[in-house]
Amino acid sequence: MMELPKWSQRERCGTVEDRFYLYNDLVDTKTRFISFMGDESRYDLAITMTDRFYGKKLVLNMQSNRFAIIGPDDLEEEGYLEHAFALTEAEAEELSHFLMEII
């Protein structure tokens, strides 16, 4: 069985690469998986809660493989969801209404 590389180093072609880490933390998270069908589109989301993002949540759209760190202030910013998730204005409004309930 192949041994996995260690967190602090990685072997490649028999040599060890040294990396300068800005940070390398292991934190506890809570992830909520939500899938729902709106009028405009289907949404398959993973919403990760952690203490890393100043109260904001990491929202991953598993349909498009796009993600954003989102808080209530971001939901009020015009065009934010459209840009972050490559959505139409109608899709972004639908997603925004849902996220306002849980963020």
Side-chain angles (χ1 to χ4, degrees):
M1 182 183 246
M2 187 172 157
E3 186 176 320
L4 296 175
K6 296 180 180 178
W7 286 90
S8 61
Q9 65 185 16
R10 183 174 166 195
E11 292 186 23
R12 184 182 289 172
C13 300
T15 64
V16 176
E17 291 181 296
D18 289 62
R19 289 196 170 80
F20 175 75
Y21 289 97
L22 297 176
Y23 57 84
N24 184 5
D25 300 331
L26 182 62
V27 298
D28 290 326
T29 64
K30 189 176 233 182
T31 302
R32 179 177 178 181
F33 293 94
I34 301 171
S35 180
F36 70 95
M37 190 69 191
D39 293 332
E40 299 295 324
S41 187
R42 174 181 169 162
Y43 303 90
D44 293 300
L45 307 173
I47 301 171
T48 300
M49 295 154 270
T50 178
D51 59 358
R52 298 274 306 190
F53 306 121
Y54 306 102
K56 296 185 178 193
K57 295 179 174 53
L58 178 64
V59 179
L60 168 66
N61 181 342
M62 294 183 288
Q63 289 286 332
S64 65
N65 292 325
R66 295 179 69 102
F67 66 91
I69 297 170
I70 299 178
D73 58 325
D74 300 308
L75 295 175
E76 294 174 7
E77 188 176 326
E78 189 174 327
Y80 184 79
L81 292 179
E82 289 95 322
H83 175 73
F85 294 108
L87 300 173
T88 66
E89 188 176 333
E91 291 169 330
E93 184 176 340
E94 187 169 69
L95 181 58
S96 178
H97 286 303
F98 172 74
L99 291 174
M100 283 183 192
E101 298 173 13
I102 62 171
I103 289 187

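Just so it is clear, the values below take in all heavy atoms, side chains as well, and ignore hydrogens, waters and symmetry mates.
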Taking all heavy atoms of [X] and all of [Y], pick out the closest pair and write down the distance.
{"X": "Glu82", "Y": "Thr88", "value": "CG-O, 3.9 Å"}
{"X": "Ser41", "Y": "Glu91", "value": "CB-OE2, 3.7 Å"}
{"X": "Leu99", "Y": "Ile47", "value": "CD2-CD1, 4.3 Å"}
{"X": "Arg52", "Y": "Val27", "value": "CD-CG1, 4.0 Å"}
{"X": "Arg66", "Y": "His83", "value": "NH2-O, 3.0 Å"}

- prompt: Is there a side-chain contact (heavy atoms from CB on, under 4.5 Å) between Leu87 and Glu40 once you walk through the steps?
  reply: CA-CA 10 Å; Leu87 300 173; Glu40 299 295 324; over 6 Å; no

Check: [Y] and [X] side chains under 4.5 Å, non-hydrogen atoms:
{"X": "Ile103", "Y": "Val59", "result": "yes"}
{"X": "Leu95", "Y": "Leu45", "result": "yes"}
{"X": "Lys57", "Y": "Ile102", "result": "no"}
{"X": "Thr50", "Y": "Asp28", "result": "no"}

Can you confirm whether or not the ring centre of Tyr43 sits under 6.0 Å from the ring centre of Phe98? no

- [ ] Linking directly or through intermediates, with side-chain heavy atoms under 4.5 Å: list the remaining ILVMFWY members grouped with Ile69, chain and number order.
- [x]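 Besides Ile69, the hydrophobic cluster comprises Phe33, Phe53, Leu58, Leu60, Met62, Phe67, listed by chain and residue number.
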
Residues at least two apart in sequence or cross-chain that pass ring-ring contact (aromatic ring centres under 6.0 Å, His included) with Phe85, listed by chain then number, are none

Side-chain heavy atoms nearer than 4.5 Å, only ILVMFWY residues, links allowed to pass through others: does that put Met49 and Ile34 together?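 Different clusters.
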
Glu89 meets the side chain to side chain donor-acceptor pair (under 3.5 Å) criterion, sequence neighbours left out, with none

- Query: When you look at CG of Asp73, are more than 12 heavy atoms from neighbouring residues, nucleotides or ligands closer to it than 6.0 Å?
  - Reply: yes

task: For Gln63 and Arg42, indicate whether the former's side chain and the latter's backbone hold a donor-acceptor pair under 3.5 Å.
output: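 Not confirmed, Gln63 side chain does not pair with Arg42 backbone.
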
